[in-house]
A.B. asks: 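There's a structure below that I have some questions on.
We name chains A, B, ... by the order of the sequence lines, and we start the count at 1 in each one.
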Amino acid sequence: MNKLAVASVIVDVPTMQTNRPFEYEIPSALTDVVIPGVRVEVGFGRGKRKIQGFVMEVKKTSDFTGKLKPIIRVIDVKPVLSSEMIKLSYWLADRTYSFQISCLQTMLPNVMRAKYKQFIQAAPGFEQDPEVQQLLNGHLLVELTNDTTDEKIKEIAHLKRSEKINIEYVVENQANSLTRQAVTTELSKDALLKSREGLRKNALAQQKLYDYLIKEYDNLPVESSVIEKQNDIARSTLKTAEKNGAVKFVEITKRRKPVGIIPEQQKAPTLTDEQSEAVSKINSAIDSNDPKTFLIEGVTGSGKTEVYLQTMQQALNQGKTALMLVPEISLTPQMVNRVVGRFGDQVAVLHSGLSSGERYDEWSRIEDGSVKVVVGARSAVFAPLKNIGIIIIDEEHEASYKQDDNPRYHARDVASWRSKFHKEPLVLGSATPSLESRARAEKGVYQMISMKKRINDHPLPHVQIVDMRDAENSAVKGDFSPLLKDNIWRAMKRNEQAIVLLNRRGYSSFLMCRECGFVLKCPNCDVSLTYHKNLGKMKCHYCGHEEPVPHICPNCKSKKIGFYGTGTENIENQLNEMFPEARVLRMDVDTTRRKGSHAAIIKQFGEHQADILLGTQMIAKGLDFPDVTLVGVINADTTLSISDYRASERTFQLLTQVSGRAGRADKEGHVIIQTYNPDHYAIKDAAKQDYETFFKQEMYLRHQSGYTPYYFTTLVSVSHQDEGQALKQSFWLKKQLQAVLSDQAVLLGPSPTMISRKQNKYFYQIIVKYKRGPELHQRLLEILSETQSETKRGFTIAIDNEPQHID
DNA sequence: AGCACGCCGACT
DNA sequence: GTCGGCGTGCTC
């Protein structure tokens, strides 16, 4: 009998050199337990280091010529990775040029990441050694933490060299954190009552505990922490009761269920013609296991969400599951209630507000099949659903679907992969599709579904563009044109609400001297410091460096140093000055930092407890406020000035979306867009809510300049402490790439990134535009492994496939 | 990553 | 000589 005795393991060491499977012997005691997808603990390296790894494959023999180490321990009882996820991780690592271990870790809840600890222990026979005793200070084990001083490390290294101490490695599994200590009783309720009577008169704490146990008898076991904190019963009281046989300590696995109240079950409304046509097209793809991609181009208010819900229902009817992605920012209670209202408690919602424990619990509920519908932001695309019947991506153009650190994956690509794996449709929906998706629909790669009518024939808002270069407008002191000011006033008078959007990208409150032009910059990074009001300090967004606000210019000693640029706070002040009676709510990064505050602001505004909602991009997304009749955009063009080929697309999308916020109910909406570029097509087309015209114009320009969707783009950046070295290396890289690319491909750069210095490293980037690039892909992978030794000398190479921003 | 090995200078 | 500095290369 030939046993499967070798496991192929991806180890938790994120480096290029260890980015491949390592083989381990499966001890006979662990056969049948070590199967693909489980996590294991293995020894790695020459020392006694222990780390976590993922079993990818189990086989009979190994080609490895050395001696295989055994697997030390199996962490999971059942696999945490399905065969689908294992396959997906290979594809993802290849596509994003990332380490496979990083991919595996992103696919799983954070708690599955191992925590490593090191403990110092006296070597046998050296327990009494004075040096060892001094180090351990009477303890048997001392943890070696990250904050150990250099001197102490030296001392430890000494002792280790002379073999007086050993270092013990411990791999901790954080996912265990969900078992908690709880209290219960083995006594009957009557017995408890009896014991309660038998307590001494002055044993007040015990009496209180018994009373609690009797009252909560049906809810036992209760977590000890709950009893201790909420009911102020001391641990010693519990211990005493334990001794007396009244209570018993047990371990419970607690499932936090974040979706608290399940809203009333809602019936599916009748569909419009456009909606039912969309539903039937998608449903037939579900029925016939057709992994095609649909692109729903539907104007705001056309009822895309209902199409999503009914097609998801179809998948469920077939005994399948459904996955729906929405941008984090639209994961509002309104949205969630709508889905939960339809599907009840078979829904799991994965949003960033979940604690890591909650996230793990939701993951388990999905994994064990108790959840049929998953709604979530980007990372929910890895939800461990089995037998997926449909995948939906709402607002598919959103840049936040692309992760901006490693692995730099796009949720749309992962969804597409899974759609093919499950042989089920993928539905992309947007009022303003990304150029690449819309172009694919044009070519017939995606099937286009267009929804042009608004439900109940709500008219589109009336949009006006205000040319801020006009004499009348440039003369005003603040940032409000007379027209916008007047319209806000009117809306206030009619007791309606207004939204004011400040397009603040690349625009912030930095400090500038009006005498000499000096700008306060970060000493480590090449960016200006921004003012943080709650800190009262200047802060760097990249490295976190802080310093006090100077009152005289460090350069010319003038006192004319002050803030420059329009921040939300500044606009808020202007609004308060102009409309002293209006209640202004501000929503930006500062006011929404606290968990739940985003939802709180939306709720407050939705209940008309404020008159004006002022904010940045985040107010533009999918919110429905019936009393809003006016939307004002202060500076429509700041996103245009960014040196990014997607600048026009982003501007168009933002303006179209925010305009959709006005007048969704019976009242007509009015939108005022202030700009210095009134003739720009992105602004003009957005004002007309005319996606198709914009699409044609933008496609023409992309074609002219050779960008997505006509070309693929890959961004390669090189960094080093020394600017010259970084530049030298990037020229070398360019030469390497040139050699494998055809004449059709274009290489731009190397050029310094917009922020050319971050954390004291210099960054240069090369943009590669190409039509067909298997050679490029191969060469980039090779370069990554060839340059691994350079990595240690301070070089880093980062590759971003289809970047969302070039900066 | 983290560790051992190994090759150099300056110390009992 | 040898201790300990850091550079190099390997980990099943």
Side-chain angles (χ1 to χ4, degrees), chain A residues 3-28 30-31 34-36 38-75 93 98-106 113-121 123 131 143-148 150-172 405-407 720-721 725 784-798:
Chain A
K3 279 227 175 102
L4 297 170
V6 177
S8 217
V9 175
I10 295 292
V11 292
D12 184 10
V13 184
T15 62
M16 202 61 226
Q17 299 128 89
T18 51
N19 187 30
R20 60 188 173 85
F22 286 83
E23 291 173 342
Y24 285 86
E25 179 205 317
I26 304 174
S28 54
L30 296 179
T31 37
V34 176
I35 48 177
V38 296
R39 291 174 300 158
V40 289
E41 187 178 314
V42 292
F44 194 68
R46 292 186 249 228
K48 287 177 288 180
R49 187 182 174 202
K50 289 182 213 160
I51 52 165
Q52 190 182 83
F54 290 89
V55 176
M56 295 285 109
E57 203 186 329
V58 174
K59 45 194 185 177
K60 285 178 189 158
T61 53
S62 164
D63 297 331
F64 183 61
T65 46
K67 180 155 169 42
L68 292 182
K69 282 188 183 176
I71 284 175
I72 299 171
R73 183 169 72 96
V74 183
I75 299 169
S98 311
F99 306 130
Q100 196 161 2
I101 187 69
S102 315
C103 294
L104 292 167
Q105 284 171 339
T106 354
R113 234 165 256 212
K115 275 249 166 75
Y116 298 102
K117 282 189 178 167
Q118 296 180 31
F119 292 93
I120 306 161
Q121 193 180 26
E131 275 182 294
E143 192 184 340
L144 190 53
T145 49
N146 251 355
D147 55 349
T148 317
D150 288 1
E151 292 197 7
K152 199 113 192 196
I153 296 213
K154 262 186 196 161
E155 197 186 323
I156 293 164
H158 256 274
L159 289 168
K160 213 187 138 215
R161 238 171 235 271
S162 44
E163 298 183 326
K164 287 181 177 175
I165 55 167
N166 283 326
I167 308 249
E168 183 75 15
Y169 294 81
V170 175
V171 180
E172 271 181 20
D405 43 46
N406 274 324
H720 192 262
Q721 308 275 127
Q725 285 292 304
L784 276 180
S785 63
E786 280 166 23
T787 52
Q788 56 185 256
S789 53
E790 307 290 316
T791 309
K792 268 195 210 138
R793 293 185 204 119
F795 278 109
T796 51
I797 296 180

A.B. asks: What does the list of N/O pairs under 3.5 Å between the protein and nucleotides 2-6 of chain C look like, with a distance for each?
C.D. replies:
| unit_1 | atom_1 | unit_2 | atom_2 | d |
| --- | --- | --- | --- | --- |
| C:dG4 | OP1 | A:His158 | NE2 | 3.4 |

A.B. asks: Nearest of C:dC12, C:dG9, C:dT11 to any side-chain atom of A:Phe64?
C.D. replies: C:dC12
A.B. asks: Would you kindly give the OH-to-C1' distance between A:Tyr116 and B:dA1, to the nearest whole Å?
C.D. replies: 10 Å
A.B. asks: Can you check whether A:Lys160 has a side-chain N or O nearer than 4.0 Å to OP1 or OP2 of B:dA4?
C.D. replies: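 Yes, because at least one side-chain N or O of A:Lys160 sits under 4.0 Å from OP1 or OP2 of B:dA4.
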A.B. asks: What is the distance from CZ of A:Phe54 to P of C:dC12, rounded to the nearest Å?
C.D. replies: 19 Å
A.B. asks: What's the CD1-P distance between A:Ile51 and C:dC10, to the nearest Å?
C.D. replies: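 So the CD1-P distance, A:Ile51 to C:dC10, works out to 18 Å.
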A.B. asks: Checking A:Thr18 side chain against A:Val13 main chain: does a donor-acceptor pair fall under 3.5 Å?
C.D. replies: yes
A.B. asks: Expressed as a whole number of angstroms, how long is the span from A:Glu23:CD to C:dC12:C1'?
C.D. replies: 7 Å
A.B. asks: Check whether A:Tyr24 reaches the backbone of A:Gly43 with its side chain - one donor and one acceptor, N or O, closer than 3.5 Å.
C.D. replies: yes
A.B. asks: Looking for any heavy atom pair under 4.0 Å, which part of the strands does A:Tyr24 touch: base, sugar-phosphate only, or nothing?
C.D. replies: sugar-phosphate
A.B. asks: Between atom CD1 in A:Ile101 and atom P in C:dT11, what is the gap in whole Å?
C.D. replies: 19 Å
A.B. asks: Output the single nucleotide from C:dC12, C:dT11, B:dC3 whose closest atom is nearest the side chain of A:Gln17.
C.D. replies: C:dT11
A.B. asks: How are the rings of A:Phe22 and A:Phe44 set relative to one another: parallel (under 30°), tilted (30 to 60°) or perpendicular (over 60°)?
C.D. replies: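 Plane angle over 60°, so perpendicular.
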A.B. asks: What nucleotide among B:dA1, B:dC5, C:dC12 has an atom nearest to a side-chain atom of A:Arg49?
C.D. replies: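 Nearest to the side chain of A:Arg49 among the choices is B:dA1.
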A.B. asks: Please determine, for the side chain of A:Thr18, which listed nucleotide (B:dA1, C:dC12, B:dC5) has the closest atom?
C.D. replies: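 Looking only at side-chain atoms, A:Thr18 lies closest to B:dA1.
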A.B. asks: Does atom CG (A:Asp63) have a neighbourhood of more than 12 heavy atoms from anything else shown, all under 6.0 Å?
C.D. replies: no
A.B. asks: State plainly whether the residues A:Glu41 and A:Arg73 are in salt-bridge range, i.e. N to O under 4.0 Å.
C.D. replies: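 Salt bridge between A:Glu41 and A:Arg73, a charged N being under 4.0 Å from a carboxylate O: yes.
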A.B. asks: Mind calculating the distance between NZ (A:Lys69) and P (C:dC10) to the nearest angstrom?
C.D. replies: 16 Å
A.B. asks: Is the backbone of A:Gly45 close enough, under 3.5 Å, to the side chain of A:Lys69 for a donor and an acceptor to pair up by distance?
C.D. replies: yes
A.B. asks: Give a yes or no on whether the backbone of A:Val170 and the side-chain of A:Lys117 come within a donor-acceptor separation of less than 3.5 Å.
C.D. replies: no
A.B. asks: Are A:Asn406 and A:Ser102 close enough, and set up right, to give a side-chain contact (heavy atoms from CB on, under 4.5 Å), and what steps lead you there?
C.D. replies: CA-CA 8 Å; A:Asn406 274 324; A:Ser102 315; 5.7 Å; no
A.B. asks: Atom CZ of A:Phe44 to atom P of B:dC3: distance rounded to whole Å?
C.D. replies: 12 Å
A.B. asks: Output the distance between atom CD (A:Glu23) and atom OG1 (A:Thr61), rounded to the nearest 0.5 Å.
C.D. replies: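 Interatomic distance, A:Glu23 CD to A:Thr61 OG1, rounded to 0.5 Å: 8.5 Å.
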A.B. asks: Considering only heavy atoms, which members of residues 8-15 of chain A lie under 4.0 Å from some atom of DNA chain B?
C.D. replies: A:Val13, A:Thr15
A.B. asks: Over how many whole Å does the gap from A:Gln118 atom CD to B:dA1 atom C1' extend?
C.D. replies: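 Rounded to whole Å, this separation is 11 Å.
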A.B. asks: Output the distance between atom CZ (A:Phe99) and atom CG (A:Asn19), rounded to the nearest 0.5 Å.
C.D. replies: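 Separation between the atoms: 6.0 Å.
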A.B. asks: Picking from C:dT11, C:dG9, B:dG2, which would you name as closest to the side chain of A:Tyr169?
C.D. replies: B:dG2
